[in-house]
Structures are given as C-alpha cells and as structure tokens.
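To start, the structure itself, in structure tokens.
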2 protein chains.
Amino acid sequence: MNTRNIKVSIIEDDETIRHGYSFLIGETEGYEVVSAYSSYEDAARKIALDKPEVILLDIELPGTNGIDAIPKLKKLVPQAYILILTVYESEKQIFNALSNGASGYLTKNTPSARIIESIKEVKDGGGPMSINIAKLVIRSFQKNQESPLSKRETQILEMIRDGKNRTQIARELFIDPETVRSHVKNIYVKLDVNSRADAIKTARENKLI
Amino acid sequence: MNTRNIKVSIIEDDETIRHGYSFLIGETEGYEVVSAYSSYEDAARKIALDKPEVILLDIELPGTNGIDAIPKLKKLVPQAYILILTVYESEKQIFNALSNGASGYLTKNTPSARIIESIKEVKDGGGPMSINIAKLVIRSFQKNQESPLSKRETQILEMIRDGKNRTQIARELFIDPETVRSHVKNIYVKLDVNSRADAIKTARENKLI
DNA sequence: CAAGTATCCCCCGAAGTGGGGGATTTATGA
DNA sequence: TCATAAATCCCCCACTTCGGGGGATACTTG
C-alpha cells in the first residue's frame, strides 16, 4: 500500500551518500523517498510539493548550511520532521540544530537499521538520538561537582542569571540586599570577574550553573 | 570470571521490583549485583564498601528522595555511575536528576534487555535514555516556532539573559544603546512585563529563548 | 583555631533602568 | 497603495542598581 508509506526527502550534497540513503530507504518496505536534493537552495524550490513527512538533512551543505536551513524548511514544510544526519558531533551544532527545530540527531556511523528505525520514531513523535549524542546532551545537563562556589553563592548566581537584581533576590531569599551584595562580591572574587555578564559566562563555561 | 563482572547496586523501595531487578541482573552473564537497598539511608551506611560501578536508583524513595540522593551517593561512591529508573517522566525531575549527576534515565516500562544494555552503556561512558525521555529532552531544546518577538528582539533578550546591559549589547551589535532600549521596550510590551527578570521568565516559559 | 560560610552595615560615584514622549527608513503584506 | 511591523535613533526624567572600598558577627568544620 503506497499510501501508508512514510514519505522521506533527503538533502545531502555528497552524491554517493545521497544515493546510498535513497536506495536504502527506498528499498525498505513502508518507506518511500519522494525527493533527494544536493543543497537547500535546490530543495527550497520544490520540497513543499513533495510533502515529505520526514526530511533527512545533512549539516555540511554548500550554500545555506543545514543549521540555517532548518527553520526555513520548517516554514516550507511545516508538518515535516527534520532528522539531522551528520559526521560531526559538535556540541554547539547539535544544540543549535535541536533548538532550531530538528527532531533528532544521528551520526553517519549509525547502522542502517537504526536510521530506518529513527525515521519511524520521529514520524511517531519520538526523539531519536545516537548514543554519543545522548551522552553529550546528558553531559550538558550535568553541573560541575566540585564547584568553587558555595550553595548560597550558586543559588544567587542562578538568580542573577534569571535577570533578578539585588532587591528581588533579597526578597525571595528573605535576606538583606546587603547580604546578597556580599555573596555577589565573593562570587566575583572566586570567578575572577567583575560584572554580572562575566560571572554568568564564566560560570556557564565551567558548568557551575 | 568474577572480576570482569559489572558490579551493580540497586536502591529501590518496592520489594518486588527490587528482587525482580536483582534476579534479572544477577542472572545475566557479565553482571553482578553487589547490594540492594530499600532506601538511601540504608544504602548510605554500606554502599561505599560495595564499590558498585553502576547504581540503579529509584526516584520515589521514602526518606531522602532519589534526586537528593544523587549528589550524596556521588560523594560516597565517586566512581559509580548512577542510572535513574522510574515510573514518572516529569520534565523537571529528569533535568534535576541529570544536573545532579545522574548518567542516564530510564522508565520502568523499559524492556529488561534494554536495562541490561543500558547498564553497560553507562559503564562505558554512554548516555542511555528511554525514547520518551529523549523526546522530552529534545523538546526542551526546541524554541517556539511562532514567537511574537522579532529576530532582533529575541537576540537582545538572549543577551539580557546572559546578564548583559544596554551598553554591552549595543557595543556587540554595533548599534546605539538607545536602539537597544527601544527593542527592550517592545519586548516588554509584547511579553506584557516590565522588568528584565520577568521578561526572561516569560520568555523561558514560552520557549522564546 | 583558622578557614569558610552566611549574615549584615557603612560610604561612594558612576551607570543602568524603566516610563514617557517622539522620529525615520525599509520591507512586507493585505 | 497604504498600513503594519521591524530596526534604527533621539530627548527628558526619577529612581535604583552596580561595583569597589572598608568593616562586623556568628556558626560550622576540619
């Protein structure tokens, strides 16, 4: 039954890889490759008509790169899920892709069977991630266990990160604004900074908050 | 060979589940259950001597709950990886667990084989997540696609979130501080707030940043 | 008992904040 | 074509915050 096939579109500049995926997915029962492009620019013109349910998107594209292509593709084909398939595992790239609207992230060394499975997963609303990506994501949540900051200092720094000022922090913690100020001073000394922005930056870099 | 077994400790208050896991893991080749406790308090006294490599931790524990137990366990058994195994999928709970130092998060409906596999994964430094958790995590990264804020406004709000002030933002964007101010005013109107802290809060709640 | 933590107090000048009121240009869409 | 949104810049003003100094006290912990 053709109508029940999952319609997949591929955007990947390497011809060999593109053909490889096309073949792999096209030959799998229940899946159908509706189109394959070598760049976002090529895809932009026609992809809306293809009505894919899942778009396999390479990050390293000529012209508009994959990250920037995500929101544009989302506008062109709002109902499509975007699955990133790339060789690199750059933390920033992954988070940018996900926050730009990608539904999943797989590395190219992912076994074929897992790719096929992942297409189904995204289509069903699941969120596929290769194990290395999951590891990265988990690490991104983990705070540094040996923080130089005390609990109170960490707490206050987190409130500063939330844009709160002395008065607001003091009110929420039932302490004097001057006490907040003391803590902030100590935070600055420990992190060797002298502004809120730098404190947040340094703390983020060291996963203290 | 006993020495090559992965040493697992279980902390779970439900006796049936605890015994179930103990049996499951104990009977699997390459795995060894070194201890099983029904609460953190029980575990705290002896778990350091068990020297587990992976700790299976339930969240809903009597006394110290699982989330709070994580950093304590990390102190007692620094080399151990903690794998959360729970029925609930509360977003906050998951993120708290991960940021407290858990290495993975699985729901209890996870098939036995996947649990066994996950224990090996954490031990090898991977990051196991059940599909629903992965979905949640991915969603947590995704920004709201139909933001009321313009690109510039979003960009400026993100800089405010980073603790930057007008002057710093203006300098970085090569625009006048007064322009930044205008954008901020517009952000406030759109989000119906009148302070940086509230703007950040509202924007976060709606995933605009 | 020293070190760290948490709490509070003072002075100070410089800067930032938010509420008002505008303006212009460019682009987009109805 | 005309309205709307976006992005840029300008003024006035009261008030607060910020960060650099200088302290103090109390409690805990190693």
Side-chain angles (χ1 to χ4, degrees), chain A residues 44 48 71-72 74-76 78 143-203 208-209, chain B residues 44 71-72 75-76 78 143-203 208-209:
Chain A
K72 297 174 197 276
K74 274 274 174 186
K75 281 211 167 176
L76 290 170
K143 284 188 192 168
N144 192 334
Q145 298 285 314
E146 62 247 31
S147 169
L149 302 180
S150 72
K151 283 200 171 185
R152 199 53 148 180
E153 286 160 357
T154 305
Q155 184 183 27
I156 287 174
L157 191 50
E158 280 169 349
M159 296 174 87
I160 286 178
R161 172 205 56 192
D162 292 340
K164 292 171 183 162
N165 61 34
R166 261 180 229 168
T167 320
Q168 291 171 308
I169 295 174
R171 204 164 34 222
E172 281 186 45
L173 299 182
F174 303 105
I175 57 178
D176 196 281
E178 275 300 322
T179 306
V180 177
R181 196 157 134 57
S182 289
H183 287 304
V184 174
K185 282 181 190 176
N186 289 329
I187 292 170
Y188 286 4
V189 170
K190 287 183 179 178
L191 301 187
D192 189 28
V193 296
N194 53 10
S195 75
R196 293 162 114 73
D198 286 343
I200 293 172
K201 187 163 175 279
T202 302
L208 307 181
I209 54 170
Chain B
K72 297 174 196 280
K75 282 209 168 178
L76 290 170
K143 285 187 192 167
N144 192 333
Q145 298 284 317
E146 61 245 34
S147 168
L149 302 181
S150 71
K151 283 200 170 184
R152 200 53 147 179
E153 286 160 357
T154 305
Q155 183 183 26
I156 286 174
L157 191 51
E158 280 167 352
M159 296 175 87
I160 286 178
R161 172 205 56 193
D162 293 341
K164 292 171 184 161
N165 61 35
R166 261 180 229 167
T167 321
Q168 292 171 307
I169 295 174
R171 206 164 34 223
E172 281 186 45
L173 298 181
F174 303 105
I175 56 178
D176 196 281
E178 275 300 322
T179 307
V180 177
R181 196 156 133 58
S182 289
H183 287 303
V184 174
K185 282 181 190 175
N186 289 330
I187 292 170
Y188 285 4
V189 170
K190 287 183 179 179
L191 301 186
D192 189 28
V193 296
N194 51 12
S195 75
R196 293 162 114 71
D198 286 343
I200 293 172
K201 185 162 175 282
T202 302
L208 308 181
I209 53 169

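Convention: sequence-line order gives letters A, B, ...; per-chain numbering from 1.
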Task: Integer-rounded Å distance: C:dT5 P and A:Leu173 CG - done: 17 Å
- [ ] Measure from the side-chain heavy atoms of B:Ser182 and tell me the nearest of C:dG22, C:dC9, C:dT5.
- [x] C:dG22
Task: Approximate separation, where rounding is to 0.5 Å, of A:Ile209 CD1 and A:Met159 CE - done: 13.0 Å
Open item on the list: Closest approach to the side chain of B:Tyr188, judged atom by atom: which nucleotide of D:dC18, C:dG18, D:dC11 is it?
Closed with: C:dG18
- [ ] Counting heavy atoms from C-beta on, name the nucleotide in D:dA7, D:dC18, D:dC11 closest to the side chain of B:His183.
- [x] D:dA7
TODO: Using whole Å, report how far NZ of A:Lys151 lies from C1' of D:dC27.
DONE: 17 Å
TODO: Among the candidates D:dC9, C:dC8, C:dG16, find the nucleotide nearest to the side-chain atoms of B:Thr179.
DONE: D:dC9
- [ ] Ignoring hydrogens and angles, tell me if any N or O in the side chain of A:Gln168 forms a donor-acceptor pair with the backbone of A:Asn165 under 3.5 Å.
- [x] yes
- [ ] Specify the separation, in whole Å, of atom CG of A:Asn194 and atom P of D:dT17.
- [x] 20 Å
Open item on the list: By nearest atom, which of the nucleotides D:dC18, C:dC10, C:dG16 is closest to the A:Arg166 side chain?
Closed with: D:dC18
TODO: Return yes if some donor-acceptor pair links the side-chain N/O of B:Lys164 with the main-chain N/O of B:Ile169 below 3.5 Å, else return no.
DONE: no
TODO: Give one of base, sugar-phosphate or nothing for A:Lys164, where a contact means two heavy atoms less than 4.0 Å apart.
DONE: nothing
Open item on the list: Please report the distance, rounded to the nearest Å, between CD1 in B:Ile187 and P in D:dA5.
Closed with: 16 Å
Open item on the list: Considering every strand and a 4.0 Å limit on heavy-atom distances, what is the contact class for B:Arg152: base, sugar-phosphate, or nothing?
Closed with: sugar-phosphate
Open item on the list: Applying a 4.0 Å non-hydrogen cut-off, can you work out what B:Thr167 is touching in the nucleic acid: base, sugar-phosphate, or nothing?
Closed with: sugar-phosphate
Open item on the list: Please report the distance, rounded to the nearest Å, between NZ in A:Lys185 and P in D:dC18.
Closed with: 13 Å
Open item on the list: Is there a side chain to side chain contact (heavy atoms under 4.5 Å, CB included) between A:Ile175 and A:Arg152? Walk through the geometry before answering.
Closed with: CA-CA 11 Å; A:Ile175 57 178; A:Arg152 199 53 148 180; 3.6 Å; yes
- [ ] Give the rounded distance in Å between these two atoms: CD of A:Glu178 and P of C:dT5.
- [x] 20 Å
TODO: Select one nucleotide: of C:dA6, D:dA7, D:dG19, the one nearest the side-chain heavy atoms of B:Ser150.
DONE: D:dA7
TODO: Nearest whole angstrom, please: distance from the C1' of D:dG19 to the CD1 of A:Ile156.
DONE: 15 Å
Task: Nearest-Å distance for atom pair CD/C1', residues B:Glu153 and D:dA5 - done: 9 Å
Task: Sugar-phosphate only, base, or nothing, as touched by A:Ser195 at under 4.0 Å among non-hydrogen atoms - done: sugar-phosphate
